[in-house]
Number of protein chains: 4
Amino acid sequence: MSPLPVRIGLIGAGRIGASHADVIARRVPEATLVAVADPRPAAAAAVATPLGARGETSVEAVLAADDVDAVVIAASSTAHAALTIAAADAAKHVFSEKPAGMSLAELRAARSATAAAGVVFQVGFNRRFAREFVDAHEAIASGRLGTVRQLRSLTRDPGRGPADPDAVPEWTIFTQTLIHDFDTLNWLNHGARPVDVIATADSLTAPGHPTLLDHANVVIRYDNGAIATAEASFAAAYGYDVRGEVLGSEGMVTMGDGAQSSLRLHDVRGRLATTSHSDTELLIDAYTAEFTEFARAVQEGRDPSVTGDDAIAAFAIATACIDSSRSGVRTAVPEEA
Amino acid sequence: MSPLPVRIGLIGAGRIGASHADVIARRVPEATLVAVADPRPAAAAAVATPLGARGETSVEAVLAADDVDAVVIAASSTAHAALTIAAADAAKHVFSEKPAGMSLAELRAARSATAAAGVVFQVGFNRRFAREFVDAHEAIASGRLGTVRQLRSLTRDPGRGPADPDAVPEWTIFTQTLIHDFDTLNWLNHGARPVDVIATADSLTAPGHPTLLDHANVVIRYDNGAIATAEASFAAAYGYDVRGEVLGSEGMVTMGDGAQSSLRLHDVRGRLATTSHSDTELLIDAYTAEFTEFARAVQEGRDPSVTGDDAIAAFAIATACIDSSRSGVRTAVPEEA
Amino acid sequence: MSPLPVRIGLIGAGRIGASHADVIARRVPEATLVAVADPRPAAAAAVATPLGARGETSVEAVLAADDVDAVVIAASSTAHAALTIAAADAAKHVFSEKPAGMSLAELRAARSATAAAGVVFQVGFNRRFAREFVDAHEAIASGRLGTVRQLRSLTRDPGRGPADPDAVPEWTIFTQTLIHDFDTLNWLNHGARPVDVIATADSLTAPGHPTLLDHANVVIRYDNGAIATAEASFAAAYGYDVRGEVLGSEGMVTMGDGAQSSLRLHDVRGRLATTSHSDTELLIDAYTAEFTEFARAVQEGRDPSVTGDDAIAAFAIATACIDSSRSGVRTAVPEEA
Amino acid sequence: MSPLPVRIGLIGAGRIGASHADVIARRVPEATLVAVADPRPAAAAAVATPLGARGETSVEAVLAADDVDAVVIAASSTAHAALTIAAADAAKHVFSEKPAGMSLAELRAARSATAAAGVVFQVGFNRRFAREFVDAHEAIASGRLGTVRQLRSLTRDPGRGPADPDAVPEWTIFTQTLIHDFDTLNWLNHGARPVDVIATADSLTAPGHPTLLDHANVVIRYDNGAIATAEASFAAAYGYDVRGEVLGSEGMVTMGDGAQSSLRLHDVRGRLATTSHSDTELLIDAYTAEFTEFARAVQEGRDPSVTGDDAIAAFAIATACIDSSRSGVRTAVPEEA
């Protein structure tokens, strides 16, 4: 007999929250969506009702509910750590969207709180669950690529850049976007520690904007000698672009091509592959796999494959990038205990 | 509120039955797997129990069960039509694996019985639910390709050919394998009727075998002038291969590349894409989509997108192929009312 | 010291003749273009002069010239055999565009004449010199693919079909277009003999036209059991399309993707590869290689890698296709001594 | 009538010299190879004789020869500038392999000497002549990509790294390898000036080696805001790898896939594309095009499309990289008049 599904309360009914609700309810039999909390009652209901869950306007109601085993936090990034701690205090398991906190201090507090409460704490580094990245990781871990020497991880958001640059919190490109790439690089270059970074970033969609950084290239040196580049843009006209590349002494893996399917349309212009224009489309199997992992970790009472430690390790690189951006020089990645 | 999930009884716990059980239980929230019937009790239990369903040894028990709304037939092909009719008589909705019958007479009887009972009757032409084929169909239906002129549909089973050629029922390549391609071609060349076929087939893995046909090329002429090739092999060393190609007056679509993901491994031999070696891997999203369609058709009380008419239309081509194989000449496709 | 370049007289200054002149003059150091003959003096001069050759209006002048070692025949197909024979009689080596004759009798006469004269006789089956086909042939010949079982060869001409269907000689699709595919299949399925064909062809760009066939699918059975499909269209809106595919017991090779280069342009529509729209662009390296082979065969006094025997073997399939088109039935390929 | 072929004296009969000799003699009708100079008489003869040229042991003999219009310098990099100046003094046109000098001072002297002598001076930035890069440049120059924002250029040499790390001159990765990428980036980001660089480089095939740098990532900021990454490795087990990528406001171009042809071999491991393992194979068409451009510039008495200015602009980035490697900090690219 299979174990009981994990009963999930989702916090945040925005774009990504709505997608997560759908994935949990429809694609993860190990989990049941029971509640969706959002301060806007209509938003909560719009997500919850069609999926057979109840809408709530208060997080407290979800955390107090007896029929909620675990929460999935898809609220504003600035609230992630506090919500994680509150959930841990309520003895709920926690899946937090990345970044799980806005500072290393917040992340450490979240990690401590969940550890003290003995609850599962997983962070939303979805790329670890995408098939091509999983296979790449296995190829590297198996030794098939030899010694890792040069890496690249890239994230480009679809579209024309931020509609309102003022609305983009400072350093978002490092803490919210490249955080995926930092984790991916740490994970693919397994066993190595990032030593320092040099970040190059600018506002190219809104030249001269005082705080917006919409394009960035970060070079990371690891203690095994490997040199990695993390690259991001907020303005990929051609779609949502997630790629990776690892050169080892025995070969190379490349991941990501953006094509929606194997369909190719040939007409007078040439041969066209349509590309994905949203993360929720491109990564739907990865989202499914990460929530499946979360539910199973809860069911099995074990650590998930992506932990608070990973969140801290990736965020440590982001903080070094912020410092490097400010100073213009290579900056050590803070060591984490 | 979403409608109640459709309660499914699966008939047949073989390889494809086990895969279908898993897909229904784990990936189709519109359906619930409640029972799995197989004459071998251990096989039924092995599939049913981990998915929270009950094993049954008799089909009758499933057809009589009050908590079963619909059956999915994944038994031996020779039993498909009789099981469909029995299920219809028991007022159960029916999803039958292809072919839904072993003769046009059987298929007509199954269609009549389900129509008379007012139950949904869907046939397992999974390619209609694979993303690249869906997109191709839309490109064609939208007129973007212009007039359809030349088509190709191909199915190659992985491996080295039948372990025991004597165990392969005569004409299997037409009625079980190419039936997918015949349906795909009918569907992509929408609105056109197949006029005649010429089939070329042989036993190449067991040369001289009296009944085995393990490779076949069929050329079909349609009444809109389009010329189609359907091609099959039972022995693709490189994996399970499903492809399609449609040339229209304005362009071409191609579908299918067999790659498991966008991962490419580059080593001293070159650049390698690993390929799928099983239908249940390559087509898992298509299987999910076809059972979702079935459950929704039941919930909504409507015809599914693939009907008994389609099964008959495809099988009519298969019968013409059998005749053409026997006679060596071009053979008319029987007209169906 | 390298041998002296072979001095070439080109017969025919049409589209393909002009391309051949350029390839010979600019890309084949083993050859020198000395003369270009065309009944239209301006056409001959327009091709010859910029390349440092002389224009001639009479074939006879070229055949009588002491400074011409060999002729390249790119005149009207109906003249190929007679020109070959005349050249042989003048002791000139001969490269003839395909088809080297309009009947088996013509081809045999051309072969006899060149053999009697002791001159090199090569036929323009350029696909044998295209890198991907050469590599495929080697993979097959080396045994890496095992036993050959299923083949496909495809030729699609760019554009919208013949501007004037009446101007297309009857059976052109078999004798001029698919002749390439017939030779390719014979060559890739090395050591096997074509047994019979069934041809399916129609006029789809000019429905109902009394003689035009602009789309054709031919199924060829070989005496090693292999089943081959040759497919052609005169109306590929997306470009000039030349592809091949061979399934063996150990694997498969595929050849041809039409992309002009590795450039991919990604924009809001997706990822675009531009495709070739002319044979003289797509196959320029193959043309270079075939003329290099011709010049070297002349220099070394040996048979070229593509001979009159190959021309006859391919044409034998074309004649069987014509008969099959007329009769509608499978037709034996005439045996050639 | 076409102009007379440019008579070429090649200086240097090493690996790349031998390849250049062959390309010039066999693939560039605008040029004639008349002499090959190398201090090793056997080496000179081995290259010259089969191509109908004469071997020379002294550069002076070539520079003094009346039948030499132009020299192609493929000697040791340290000699490039002095040879260029000597050739200019002898009124010979000059094509120099990259780098055209070992310092900005050398390059300026070479530029001055050739300008003063009124001879053509072209530098061997072959990537500008590779089809995919040419097409990319056109897409960018035409405005189809909008504003250029993020670029990547990559060079990886095939193999396992230097057999003798001590034999690799210091800074080779910047002055000899990445110099290609620097020029490519300057050219693709046309009209923009490189402002500063930060270089990250290490010896990974010979850890701890005092001077070898075998892997490097360079981030370049341009005055139009674009951020570029240049990446190199001396140890690509999978082959010679040359790629580019440009993100603009309207889309992206990618260049380079390393496949030898469109052949794909499918076997039990998957689908394999063989890759090029040498520059002289991968770039043969680019080499042909660059020598054609050189010969035409000489014939037409005009500047070639790649000039000494380009050599200086690329080398300025290399010098900044050397400084950045030493200091560890971002370093301004020296402005060139």
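Quick caveat, the model's predicted, so the values are computed rather than measured.
For Thr288(B), no part lies near chain A; criterion is any non-hydrogen pair under 4.5 Å. If you measure heavy-atom distances from Ala130(B) to chain A, you find no contacts under 4.5 Å at all. There is no contact between Glu245(B) and chain A, counting heavy-atom distances below 4.5 Å. Contact annotation for Arg243(B): neither backbone nor side-chain heavy atoms come within less than 4.5 Å of a heavy atom of chain A. Proximity to chain B is limited to the side chain of Arg144(A), based on heavy atoms less than 4.5 angstrom apart. For Leu145(A), the part lying under 4.5 angstrom from a heavy atom of chain B is the side chain only.
Taking CG of Asp135(B) as the reference point, atom CZ of Arg264(A) lies at 11.0 Å (rounded to 0.5 Å).
Most heavy-atom pairs under 4.5 Å with chain B, from the set Val134(A), Leu263(A), Val246(A), Asp257(A): that is Leu263(A). Per-residue counts of heavy-atom pairs under 4.5 Å with chain B were compared for Gln260(A), Met255(A), Arg27(A), Met252(A); the largest is that of Met252(A). Of the residues considered (Val268(B), Val28(B), Val253(B), Asp285(B)), Val253(B) shows the highest number of contacts with chain A, using heavy-atom pairs under 4.5 Å.
Between Ser262(A) and Gly256(B), the shortest heavy-atom distance links the atoms OG-N, 2.9 Å. Scanning both residues, Pro29(B) and Ala25(A), for their nearest heavy atoms gives CB-O, 4.0 Å. Across Asp267(A) and Glu250(B), no two heavy atoms sit closer than the pair CB-O, 3.7 Å. Closest of all the heavy-atom pairs between Arg131(A) and Ser261(B) is CG-CB, 3.5 Å.
Looking at Glu30(A) and Arg26(B), a side-chain N of the basic residue comes within less than 4.0 Å of a carboxylate O on the acidic one, giving a salt bridge.
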